[in-house]
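Bear in mind that the values here come from a model prediction, so they are computed numbers and not experimental data. We name chains A, B, ... by the order of the sequence lines, and we start the count at 1 in each one.
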Amino acid sequence: MNQTIPASLLELIYLVIEQIPSGQVSTYGEIAQIVGRGSDGRMVGKALASLPKEHQHKVPWQRVINREGVISTGSARQRELLLAEGVPFDAQGRVILARCRWRGPSPKWAAEHMVQTLAEREEGEQLSLF
DNA sequence: GAATTGACGGGGC
DNA sequence: AGCCCCGCCAATT
């Protein structure tokens, strides 16, 4: 049985991902940061790679991409789903994280589920004035 | 038990 | 931008 990551941790990772609103995205690393418990980006990737069929309809796996705004799987399907949600892409096919990055769970939700909120980042992210 | 791998990330150059 | 190296941690070989 490949229940490698404790079921509770897997469920927690899925639970956090379920909080990402449509039209927004997060990264593997940030999900891990929220989950805490010694998890890291690779583990989040592992969790999604082994996402059970019965969870696919409720876990918005497509909203988790890498820090470069690139769809790690290269999946055209994933890209379509994001486009349909209104996620902005640049000319090079990368998600414009500066415009649609999920800010993480509310302090209240985080406290209720014993997870972390995203540390305030002072986005040096240039808001390109197109 | 060691080495490799992976839907990763940060930092340096 | 690109490239490279290192840390991370569980699963697999």
Asker: When the distance from CE of A/M43 to P of B/dG9 is rounded to whole Å, what number comes out?
Answerer: 13 Å
Asker: Take the protein atom CG of A/L9 and the nucleotide atom P of C/dC8, then report the distance between them rounded to whole Å.
Answerer: 18 Å
Asker: For atom P, what is the distance between C/dC6 and B/dA7, given to the nearest Å?
Answerer: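 Nearest-Å result for C/dC6 against B/dA7 at atom P: 22 Å.
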Asker: Side chain of A/S39, backbone of A/V35: donor and acceptor closer than 3.5 Å?
Answerer: no
Asker: Heavy atoms within less than 4.0 Å of DNA chain B: which residues of residues 72-93 of chain A have one? Give them sorted by number.
Answerer: A/S72, A/T73
Asker: Are the charged groups of A/R67 and A/E30 less than 4.0 angstrom apart, N to O?
Answerer: no
Asker: Tell me the interatomic distance from A/E30, atom CD, to B/dG10, atom P, rounded to whole angstroms.
Answerer: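 From A/E30 CD to B/dG10 P: 8 Å.
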Asker: Grab the CD-C1' distance between A/E68 and B/dG10 for me, whole Å please.
Answerer: 11 Å
Asker: Measure from CZ on A/R67 to P on B/dA7 and round the result to the nearest Å.
Answerer: 17 Å
Asker: Side-chain N or O of A/S39 less than 4.0 angstrom from OP1 or OP2 on C/dC9?
Answerer: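 So the side-chain polar atoms of A/S39 never come under 4.0 Å of the phosphate oxygens OP1 or OP2 of C/dC9.
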Asker: Just the rounded figure in Å: distance from P of B/dG9 to CD1 of A/I34.
Answerer: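 It works out to 12 Å between those atoms.
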Asker: May I ask you to evaluate whether A/R37 reaches the phosphate of C/dA10, defined as a side-chain N or O under 4.0 Å from OP1 or OP2?
Answerer: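 For C/dA10, OP1/OP2 do not have a side-chain N/O of A/R37 under 4.0 Å.
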Asker: How far does CH2 of A/W102 sit from CG of A/L118, to the nearest 0.5 angstrom?
Answerer: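 Here the rounded value is 7.5 Å.
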Asker: With a cut-off of under 6.0 Å to the ring centre and 45° to the axis, is A/R94 in cation-pi contact with A/F89?
Answerer: no
Asker: Nearest heavy-atom pair of A/V64 and A/L48: which atoms, and what distance?
Answerer: CB-CD1, 3.8 Å
Asker: Whole angstroms only, please: what is the CD1-P distance between A/I13 and B/dA7?
Answerer: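 Roughly 14 Å, once rounded to whole Å.
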Asker: Atom CD1 of A/I13 and atom NZ of A/K46: how far apart are they, to the nearest 0.5 Å?
Answerer: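 Those atoms lie 12.0 Å apart.
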Asker: In whole angstrom, what separates A/N66's CG from B/dG9's C1'?
Answerer: 9 Å
Asker: Rounded to the nearest 0.5 Å, what separates atom CD1 in A/I17 from atom CD1 in A/I31?
Answerer: 5.0 Å
